[in-house]
Amino acid sequence: MSPNCDSATEGPDPFESSSDEVDLTSSPTHSTDTSARDQQGDLPTTADPSGVSNQGTRMHDDIDVGDENNTDTPKLIRAPSICSSSSQTRPLTNQTPAEPVLEIPGGSRGWPEPINTTLTPALFVQLHGGAVRRLEDDERPLQILNEYLINLGFEDAWRVQEEGMNPEIGSLIRFYFGKPRCVGGSERVQLSGVYNVRKGKLALPVNRWSKRQVTLSGTCLIVSSVKHAHTGKMHILPLIGGKVEEVRRHSHCLALSSAGPQSQTYYISYNSYTEHLRWHRTASKIASQRVNSVDMSCCSLEELPAQLFYSQDLTHLNLKNNFMSPHKGIPALTRFCKLRSLSLSNNALTEFPLALCDISSLTELNLSGNRLSSLPAEAGTMHNLQTLLLDGNSLSSLPVELGSLEGLTYLGLSFNSFNCVPPVVEKLKGMERLCLAGNQLSVLDMAGLQWLPSRHIDLRLNQLLTVTVGDSEHLTHIVQLDLRDTGLQELDVRALCRLEQLRCDRNTLLVLRVSGHSLKSLHAAHNGTNTFVQPVPENLTVLDLSWNKLKFVPDWVCESSRLEVLDISHNSVTELPIWLLSSGSLRKLLAGWNEVCRLAERLERSQLEVLDLQHNYLTELPHNLFIKAQSLRYLNVSANKLENLPAASLSEDSSSSLEELYVTNNSLSDKCVPLLTGHGQLRVLHLAYNQLQIFPASKLARLEQLEELDLSGNRLRAVPTTILNCQRMHTLSAHSNCINTFPEVLQLPEIKCVDLSCNELAEVTLPETLPPKLQELDLTGNPRLTLNHKSLELLKVDPSPSAPCVSESHGAPAVWSHGYTEASGVKNKLCVAALALDSFCGIREALYGVFDGDKNVEVPYLLQCTMGDVLAEELHRGQKQEDYMTNTFLTMQRKLGTAGQRMGGSAALCHIRHDPVAPGEHGGCFTLKAANVGRCRAVLCRDGKAMQLSTVHTVKEQAEYQRVRQHNAIITEDNKVSGVTDSTRIMGYSFLCPSVTPRPDVSTVTLTPQDEFFLLGSRGLWDMLSPSEAVEAVRNVPDALAAAKKLVTLAQSYGCSDSLSAVVVQLNITEDCCCFCEPPPPPPSPGLGAHTSTHSYSAGVDGGIPLPPASSGNVSELSSEFSTSEMSSEVGSTASSEEPPPQAEPLTSHLNLSGRASVRRPACGGGSFQRQFSGALSDNGLDSEDEEPIAGVFSNGSRVEVEADIHCLQRHDCPAAQTHSQPSTKTPPAVALQHEPSPPPSSSLSPTPVPPASPCLSGEARSGTLGRRARANGSVACQGRNQDLIEEAADAPVRRQGGYFNAPAQPDPDDQLIIPPELEEEVRQIIQHEGKDFLMVLQT
């Protein structure tokens, strides 16, 4: 058996399984027993004084008796007293329904037989922390485990066996003896406990508090006796439309009231705030519902819990992703006589449950994602059915009897095995929408469509070979047609004369003919089409012809009088008709990435609001553009050849409506600046990479509404002091200029991000206190920068110098150097991370990576912290192992832990290896191995041309599509697998495995002297820049930092609103560096032992107060489908199981020599730098949507990320050997520390050697950074000067016993220690003494 085969426990599942052990009892049955025992139940009425006197804690019953003829609401329901041993999930088998309460006459119709019996112990399997499935008798756990790992991507049989024995594999697949329970999952089925309960008004003294068994299940609150919970009366309180309120006079007390004129109220006092909060959240959600619905999806249910049947008025029930049986659990659904909507998708059903035909009230039925191969004839008896979803099954035909469903309006048959339109569909006269996407249709018979009553037809992802012509007179009913991804080369749908919407994106269309009589929306992007529409579509409002080969705008487009949105970007259009800019209806025009050379000199009045003309060859804009386009709010003319801008208005009194202006990468000079003052409403202004030398102070003073200003890449020597007039300014980017005076931007109240890197700053003038919202101050790349003691103390930057790099003494040539930058998106979340190790596992090895989490920050951070360790471990297995890069990605999948179950991210990794060659031999000694999954990519510049090293795998590839469909996954309309990701190979998202796998695309090239540099970029970068454009943009930029920043700045100006990351690695491969090279030492053992020190604080040489290691990050707020509680126990293999690392220090201290910073991992030098971009919860303690920071950690209430080069403090008197034994870290006197437990001593006693520094490094620059929320460009290493090691144990989250991990959590400001000035010396001595003791332990 696998070592991951565990016995079921009562406690929380360490892998956060969403399964529940619901020990079901016999369902309630009607009873006609009205004996005295019922009258003397545990909940007596006020007319039973003896009951009150005998039991003083009993609750009074004031429920009124209603109409005796109402047989739908029984008064008392009795069942066998069978219950679970768990109080959490123990079902109550007696019930009274919603008031008014009535008895059921003896002859009333009974319910079906009990649905549950005691389950015998069995084996269960759990995939990716999801639902727990019972294994069949013929299933073998080891076989299932091996098949899972093979589908994941492992090929070697020995490696499959080894991975299967690894305890960390439990986050992907796990086996149990007996069904496990999960507290979080059971709460979704029901909440239960014994609490003090009081009924009625609190002011009435007659009502007393009593101990009662209280259960919240379905949509009802159930109150019963504790002693006789299964034999006495039950009180049922329906909560739909009711109220849930907190009772302020009592601690942890809730008041739950039903709706209606006879509303009743129960007061429940809970034992703790946690219980109170859990019940409040769940009950409020139920009470706020407008419909009587219950969601029990992903609860591992095989049968229905008995308490669910107390919700008699249930109309909507969601049971998807369970394991309901057609013969065991589903028949009980017939008890819900008012059920209208039922979802049984993804329940592994192999046959249609006939019991569903008996639910006459059902109008919507979802059976998608099952294993149905046929439908029974009885399905035709469900006459009230309006929606039937059968997507993702194995159907190839439909029964004729289905034609009797006259009320059916929506039929979903996508991703089945139909090779033609089922004939029975012709009989469904009420059909509105027919979905046949992803089937095996090869012919689109237009004549056959005339017999279909459907108005909306979806035929996506069918390999259509031909389209036959039909008669337009009989095809007037079709209004929407979807033919995306069908492989068509020619399409003629003129017979559909009433067609309103046509989608034919992502085909290979050369000719498209459409009828324009009723056409309102046409989407034909990603084709090579010439489009003909006749007659002129007078009702057309939206037209998308982007990514085609158009050389001109079709004439029929010019005549469309109601066109509002036109997208003709990424074509070869050379001229734009004057009517486009002067149209009375056009609101949005996207014409970027074309070949337009000139526009009309003058325009008539225009209604344009959005105009995108970037990436053309424009030298000027119409002179009256802003005068005539009074509604224009957004203008992007970046990447043109503009030398000037048109005037904003005719007079200074009038003002335009322009809010966003992007003119990056043009040839604008100083004379254009005065013309900007007429745009009084301007909020965003990007003027990067032009030829500006001065920005007049008087002109900037008039742009008072400005919030974001980008002046990077110009020749500015100063930022005007009148920037103080821009009180709303939150982002200033002015890197790569000649600025020598620090601007007064820190006096702005809203400032968040200031980037003044790569300038000529000599000193920094700071205010007394930093702005409360400041989060990043980037001062890297200023070689003359000098910070005085006051500035260092205010910025919390460490002034201590470091010893020179070991490589300096060796005199080795610089073979490579890197620079990187990271930038958060418009929502202030940094969902990317970069990895840069110039010295990795040896003298002549390096590792670089970029990770993109799309909308999550956890996965990129975990990949950044761990992937280097994993790769080192793979290299340690064998130097000649060719598949080490593939195994690194596959191993990383389990290292992500629970974070990778519901979240994922793209990754690109580049590893440089050195293989010495003897003199006279041919071939290079450096090889570059690149691997990627998702949308992150790597590009090599060879002889000035872009050479792609990565491949993006999507469902557009036939092999990938077949693999996805083989595992029964569906592809949504946006071409995403199960609506999650458009990449079929990506890290994380293990719940989609094996449809989506982490197996990377790997390429290997031998580096030559013709190789200049290579780039790694996140998804947003490559969405905006092609590989050739990116290479051309930075080829002539000598500094790697400036090159990386330029790529990110260009992508932002071109329209990217996502997080961005770019790594630029400059190469200097020569013949001399390839020969006579000593073979590299064996790679160090991966993990924590490879680091020089794992003490949480490193004492300074001079007794300075040490700082926590400046590494790692925190896990951010969680996505809507992944709760915080699920993430709290263990997130990934790089997270600490103890107290989280001190990621979010308000300001970190690092030292900087001549050069720039590296990435966030420790270097072996004494002043190791780590780029401290926090992850998850370090965003000022805020969620991604928040804007205001939490006051607090320091007196200024801000958390600032500071990057700076400090050159006046260099010191060269430290021997190189000391850099490995006694790192020096010192802070200014007033500095905040966080308490962090020291890592296990065993991790620090590893005998593995520390790899020597890279030969290309000398005088390394290091900087300290912390936090990031606004657009923040990160620090990079100086060209040819950087030195790094894999994450240190005290910085990176440490491994927890058992192989699973906890993610770093948000540091609590209350846990931080502020050292008062009078105690500084004493604390310094104490910490220094502790540091010496720790070093003595290391030496022994």
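Computed from heavy atoms alone, side chains included, the values below leave out hydrogens, waters and symmetry copies.
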The criterion is side chain to side chain donor-acceptor pair (under 3.5 Å); which residues satisfy it with [X], sequence neighbours excluded?
| X | value |
| --- | --- |
| Thr315 | none |
| Asn321 | none |
| Ser293 | Gln289 |

Distance, nearest 0.5 Å, that separates [atom1] of [X] from [atom2] of [Y]:
| X | Y | atom1 | atom2 | value |
| --- | --- | --- | --- | --- |
| Leu362 | Leu339 | CG | CG | 5.5 Å |
| Asp313 | Lys338 | CG | NZ | 4.0 Å |
| His128 | Gln901 | NE2 | CD | 8.0 Å |

Is the positively charged end of Arg902 above the ring of Phe991, judged by distance under 6.0 angstrom from the centroid and angle within 45° of the axis?
yes
Worked verdict on Arg340 versus Glu364 for salt bridge (Lys or Arg N to Asp or Glu O under 4.0 Å)
CA-CA 6 Å; Arg340 295 171 50 201; Glu364 179 180 350; over 6 Å; no
Run the side-chain contact (heavy atoms from CB on, under 4.5 Å) test against Leu135 and tell me which residues pass, sequence neighbours left out.
Leu123, Val125, Arg133, Glu139, Pro141, Ile144, Phe175
With sequence neighbours excluded, what pairs up with Ala255 under the side-chain contact (heavy atoms from CB on, under 4.5 Å) test?
Val247, Thr265, Tyr267
Quick one: ring-ring contact (aromatic ring centres under 6.0 Å, His included) partners of Tyr195, sequence neighbours excluded?
Tyr270, Trp279
Relative to each other, are the rings of His276 and His252 parallel, tilted or perpendicular (30° and 60° limits)?
tilted
Taking the six-membered ring where the residue is Trp, are the ring centres of Phe309 and Phe336 under 6.0 Å apart?
yes
Please check: side-chain N/O of Asn347 versus main-chain N/O of Met324, any donor-acceptor pairing under 3.5 Å?
yes
So, the side chain of Lys211 versus the backbone of Ser225: is there a donor-acceptor pair under 3.5 Å, distance only?
no
